[in-house]
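Nothing here was measured: the structure is a model prediction, and the numbers come from that model. All chains are named by letter (A, B, ...) in the order of the sequence lines, taking the proteins before the strands, and each is independently numbered beginning at 1.
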2 protein chains.
Amino acid sequence: MKKAHEILIRSQLFGGLPQEHITEIEKIAVDKNYNKGDVIFYDGDEGNGFYLIVAGSVSVYKISPDGKEQIFHIVKEGETIGAAPVFSGKSFPANARALSKTHLLFFDRTKFIELISGKPDLTMNILALLSMRLREFTIQVENLSLKEIPGRLASYLLYLSQEQGNRDFVKLNISKLQLSNILGTVPESLSRALGNMKTRKLIEEEGASIRLLNRAELEELAERGKSFG
Amino acid sequence: MKKAHEILIRSQLFGGLPQEHITEIEKIAVDKNYNKGDVIFYDGDEGNGFYLIVAGSVSVYKISPDGKEQIFHIVKEGETIGAAPVFSGKSFPANARALSKTHLLFFDRTKFIELISGKPDLTMNILALLSMRLREFTIQVENLSLKEIPGRLASYLLYLSQEQGNRDFVKLNISKLQLSNILGTVPESLSRALGNMKTRKLIEEEGASIRLLNRAELEELAERGKSFG
DNA sequence: TCGTTTTCTTAACATAAGTCAAGGAAACGC
DNA sequence: GCGTTTCCTTGACTTATGTTAAGAAAACGA
């Protein structure tokens, strides 16, 4: 399919590879389609391969016994899910669920490992990918442990802004329930944090978007982590 | 040096490699020695190489503006620190500090990348290493977000027990301040959680070790995460 | 368009855990 | 061995955030 090819050659994982490698890669890729809410894999499932997202988005998350959800990552076009278990040889450490109609390419573990041998540039791409993911986890742990919810929210808004070209008008793209699950909290607390920011004129809500009114103070809040120091 | 060689060939990173590769690896390794408390690198430093621990132990951690410390990982003999930035090309995302007199081998980024090209078995070792680290981070995020302190403590004690051959008598090896920083809390709260477990006859403290008296309940506490469900 | 369902917000309340303070225990250096 | 420093514990207090409940707003489907 046309779109899958475009996404694939632009992905972090496969970007910059010579045409003959791309052709080989596409030969072992298998199309998979999911509807909103469909589970792609469960925590504990055998990690027999990984997925590249062609269209749609996927939430990688874990649920506590009492039902609270922590989202590790919202994965979008061109990004991968389940890559780590391919190399650690372990099961998936979390669940993955489609957030919308989603088109994936599945890569079988054995075939993929066979394929990468003798392709140092592809291997370096994988190393870079895993390293970046490690870096993101470092930030997530830091946020959960060292910042209170307003600080985490400020960090996330600034991150979103950066992702969207440093504009002051950022689109959320996800529900507030999901956002609260990314931040490691509940919708009520998120709502309060947002309300507080609005009162303090740090932000303005406009539909599903948020306008950053005072970037300096948001940055300080994100940096400080706590309301009072 | 004798010991460095022994550790190196048994490490996850270099274990199982042919002798000629080991020789090459040892050629680019540089000895570094640190005393207790010495900083090995700071958050933000350029990631110009990584370290393999030959003797001693190192804390990888981050500090909030108000001084609270979150330990990401206590790294011991045969393990590595700072590997991810070598491949992501970014700076170190945290600080590293020697917890005791520590002997390290330093591997220069450029030399190491040169060295791995054409060594698929070494590359696979690195992929496995990064993947395992990712898995550990998943658990850490889950613990911080979905479990309260007694649940995190129970998880950690069970993890320690497993690491020490599933014995009921586990050695802490680190100070309680450090333990509290691993669990994402403060010494006072840790002290209370331990006191509570002792009252409930789940554990017994004997010097710097802890005896697990009721594994079943500890496991339930770790699983449930919260005191009341 | 209307009614139903889901999502979001607000308020009152409960509680886990951080903070502050002080004393005791252990480790360390001389 | 003794004094000093660091580490650990305990208690009283504060606070951030989770919980419960209810209503408002928005999204959805017929």
Contacts of A/Arg192 and A/Glu205 projected onto DNA chain C by closest heavy atom; the upstream (5') one is A/Glu205

| query | Side-chain donor or acceptor of A/Arg152 under 3.5 Å from a matching atom on the base of D/dT17? | reply | no

The reported gap from NZ in B/Lys32 to OG1 in B/Thr102 (rounded to nearest 0.5 angstrom) is 14.0 Å

Exercise. Quick one: do A/Glu205 and A/Lys176 make a salt bridge, cutoff under 4.0 Å?
Worked result: yes

note: B/Asp66, atom CG; D/dT15, atom P; distance rounded to Å ~ 15 Å

In whole angstroms, the gap separating P of C/dA27 from CG of B/Leu177 amounts to 15 Å

Between B/Ser189 and A/Lys36, whichever has its closest DNA chain D nucleotide further toward 5' is B/Ser189

note: B/Leu153, atom CG; C/dA17, atom P; distance rounded to Å ~ 11 Å

Counting only side-chain N and O atoms of B/Lys226, is one of them less than 4.0 Å from OP1 or OP2 of C/dA16?
no

Rounded to whole Å, the NZ-C1' distance (A/Lys198 to C/dC8) equals 10 Å

A/Asn196 CG to C/dA11 P, in whole Å, measures 13 Å

| query | Can you check whether A/Phe14 and A/Phe107 have ring centres sitting under 6.0 Å from each other? | reply | yes

Between CG of B/Leu146 and P of D/dT17 the distance, given in whole Å, is 16 Å

inquiry  = Less than 4.0 angstrom from a charged side-chain N to a carboxylate O is my criterion; do A/Arg211 and A/Glu206 meet it?
reply    = yes

Rounded to whole Å, CD1 of B/Ile149 lies from P of D/dA16 at a distance of 16 Å

Do the side-chain N or O atoms of A/Thr185 get closer than 4.0 angstrom to the phosphate oxygens (OP1, OP2) of D/dT17?
-> no

**Asked** With a non-hydrogen cut-off below 4.0 angstrom, is A/Gly184 in contact with a base, only sugar-phosphate, or nothing?
**Response** sugar-phosphate

To the nearest angstrom, the NZ-P distance between B/Lys147 and C/dA17 comes to 13 Å

Does the base of D/dC8 carry an N or O that pairs as donor and acceptor with the side chain of B/Glu188 under 3.5 Å? no

Of C/dT10, D/dG18, C/dA16, the nucleotide closest to the side chain of B/Glu148 is C/dA16

**Message:** Treating A/Ser161 as the side-chain partner and A/Arg167 as the backbone partner, does any N or O pair qualify as donor plus acceptor under 3.5 Å?
**Reply:** yes

